[in-house]
Protein chains: 2
Amino acid sequence: MRDSSDKTPIWKAIASALRSDLAEGRYTPGDKLPTEAALANRFGVNRHTVRHGISVLVEEGLVRTRRGAGAFVAATPTDYPIGQRVRFHENLNAAGRRPEKRRLALDERAATIGEAQALQIEAGDPVCAYHGLLLADGQPIAVFESLFPLARLGGITAALKETSSVTEALSVVGIDDYTRASTRLTAVRATATHALLLHVAEGDPLLRSSSLNHSQGGLPVESGRTWFAGDRVTLTLEA
Amino acid sequence: MRDSSDKTPIWKAIASALRSDLAEGRYTPGDKLPTEAALANRFGVNRHTVRHGISVLVEEGLVRTRRGAGAFVAATPTDYPIGQRVRFHENLNAAGRRPEKRRLALDERAATIGEAQALQIEAGDPVCAYHGLLLADGQPIAVFESLFPLARLGGITAALKETSSVTEALSVVGIDDYTRASTRLTAVRATATHALLLHVAEGDPLLRSSSLNHSQGGLPVESGRTWFAGDRVTLTLEA
DNA sequence: TGATAAAATATGTATAGTTGTATAGAAAAG
DNA sequence: CTTTTCTATACAACTATACATATTTTATCA
């Protein structure tokens with residue numbers, strides 16, 4: 001490979017070799033690639049040359065690496081429709097992914113001025129704060145923070161302890177349906193905490209959504225913020 | 001590479017995530033933290049990485065671990081009430097901590113324009129500048145800078161040389177009572193100097209308080225700035 | 001009921017494997 | 001001569017696994 005008169009660098013050759021392996025379905029999303037040492041041995045080159053090749057695929061978003069664990073085939077971005085009714089579990093099932101929610105915190109506290117304004121309650125009124133992680137096929141795709149006004153939804157904290165589903169919890173406290181009233185999107189850089197939870201690098205771009213859900217009566221029942229890992233989710237907006 | 005190589009090590013991020021949980025009062029002294037396995041699952045990392053993070057908190061004295069039992073909260077951030085009367089020693093005693101003040105500088109000089117305005121004196125008028133460190137149970141929690149108008153409080157410099165207590169020193173010069181007229185709070189990043197004094201990392205978040213205390217007569221007797229270590233103190237505001 | 005043993009939990013320790021980073025140097029190309 | 005490519009080495013950070021040891025819970029039996 002080296003002695004012949006090809007002028008393409010070895011690391012590029014390795015990159016395209018691996019890329020065609022992926023294209024052929026030799027490895028499927030979530031699979032672990034051989035270790036760098038194994039690849040170096042297979043190609044008869046130094047580990048750093050292999051690393052250079054892999055880094056190309058990482059740049060392209062085809063592969064994700066985890067220190068100490070290995071290199072894994074990246075899953076294609078999940079389509080996440082933002083419409084009148086935004087339901088995590090339904091969205092992911094529709095996208096053919098296995099939805100999972102991981103609770104990070106759940107407590108009751110007083111609302112700040114800004115939060116109160118959004119929920120149309122008084123500052124200091126009690127709210128339920130639900131903080132967690134959204135996963136698709138076991139891979140973290142977003143961090144969320146939901147606020148529920150306790151004045152209108154007494155008992156929702158207890159309900160959320162039983163089920164991770166917001167829809168179900170709201171149903172328990174008498175809200176059978178709720179619709180998205182507003183969604184605001186901005187791009188931000190990942191903080192250390194978000195980076196840790198989402199398994200991205202600090203400073204990586206995130207898609208932040210600030211949303212408000214209303215009950216059928218037109219009153220706010222949930223105010224949420226969600227940070228999506230930019231390269232794992234594609235938000236789709238319906239008319 | 002994009003993924004997994006944060007600028008801040010994972011174990012540090014975990015340590016600060018847990019630390020802020022403590023600061024927010026999510027766990028109170030005696031409470032059991034989630035198991036290492038649960039935390040590893042929550043953060044999506046290996047148990048050893050979590051252990052590394054926890055060991056930081058153990059070093060800091062915030063957490064105590066018992067083999068076979070779990071990790072327990074040893075101490076939580078000191079509650080520091082900001083009300084009409086703000087007294088360091090009383091505040092810490094009420095919080096069950098041992099208060100201590102360490103003097104860093106004490107001198108007399110001319111007031112700058114801004115300082116004079118706050119103290120309602122003329123620019124250039126002499127003031128006493130008192131600079132020091134506040135500690136709780138021997139751990140530094142804040143850096144303060146107090147200014148006293150010498151025109152109204154002659155002899156306070158000498159008094160402050162005898163006692164570290166502002167309340168006592170003011171009493172010596174005839175001020176038996178004083179009340180908080182205003183408090184302004186902002187979040188800032190720790191400078192190298194503050195970081196050194198407070199035993200935090202440069203750039204860590206500090207809570208800066210700019211305050212003004214009046215005598216019973218309604219005249220300013222002290223203008224102060226205090227930098228609290230964000231994760232060691234919780235300022236509580238009374239009505 | 002109460003004591004005891006077994007099982008399940010949870011932290012502590014040890015070892016090896018994998019990726020990330022830093023440094024230095026040789027070889028080839030421009 | 002300088003830059004790029006590749007090699008070589010060493011170490012840091014994180015993962016994976018296994019097992020030891022202490023604690024708590026559960027089951028069992030007198």
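Both backbone and side-chain heavy atoms feed into the values below; hydrogens, waters and symmetry mates do not. Every chain is numbered from 1, with letters handed out A, B, ... down the list of sequences.
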Side-chain N,O (B:R51) to OP1/OP2 (C:dT11) below 4.0 Å: no
Candidate nucleotides D:dC14, D:dA10, D:dT7, ranked by approach to the side chain of A:R47 - the nearest: D:dA10
Interatomic distance where CG belongs to B:N46 and P belongs to C:dG17 [whole Å]: 16 Å
Out of C:dA10, D:dA12, D:dT23, whichever nucleotide has its closest atom nearest the side chain of A:R67: D:dA12
Nearest-0.5 Å distance that lies between atom CD in A:E222 and atom CG in A:L147: 8.0 Å
Full working for salt bridge (Lys or Arg N to Asp or Glu O under 4.0 Å) between B:R19 and B:E60: CA-CA 10 Å; B:R19 195 169 22 231; B:E60 292 173 359; 2.5 Å; yes
Closest listed nucleotide, where the reference is the side chain of A:R66 and the choices are C:dT18, C:dG20, D:dA16: D:dA16
Gap separating the CG atom of B:L207 from the CH2 atom of B:W227, nearest 0.5 angstrom: 12.0 Å
B:E24/A:R109 ion pair, N-O < 4.0 Å: no
Closest listed nucleotide, where the reference is the side chain of A:E36 and the choices are D:dC14, D:dA8, C:dT19: C:dT19
Given C:dA10, D:dT15, D:dC6, the nucleotide with the shortest approach to the side chain of B:T49: D:dT15
Angle by which the axis turns from one end of the helix from C:dT1-D:dA30 to C:dG30-D:dC1 to the other, five pairs per end, to 10 degrees: 20°
Cation-aromatic face contact B:R232/B:Y80, 6.0 Å, 45 degrees: no
A:W11 vs D:dC6: side-chain N/O to OP1/OP2 distance below 4.0 Å: yes
Using nucleotides 22-30 of chain C, report all nitrogen or oxygen pairs with the protein that are shorter than 3.5 Å.
{"from": "C:dA22", "atom 1": "N6", "to": "A:H48", "atom 2": "NE2", "distance (Å)": "2.7"}

Selected nucleotide, minimal atom distance to A:A69 side chain, candidates D:dT15, C:dT19, D:dC14: D:dT15
Presence of B:T65 side-chain N/O under 4.0 Å of C:dG12 phosphate oxygens OP1/OP2: yes
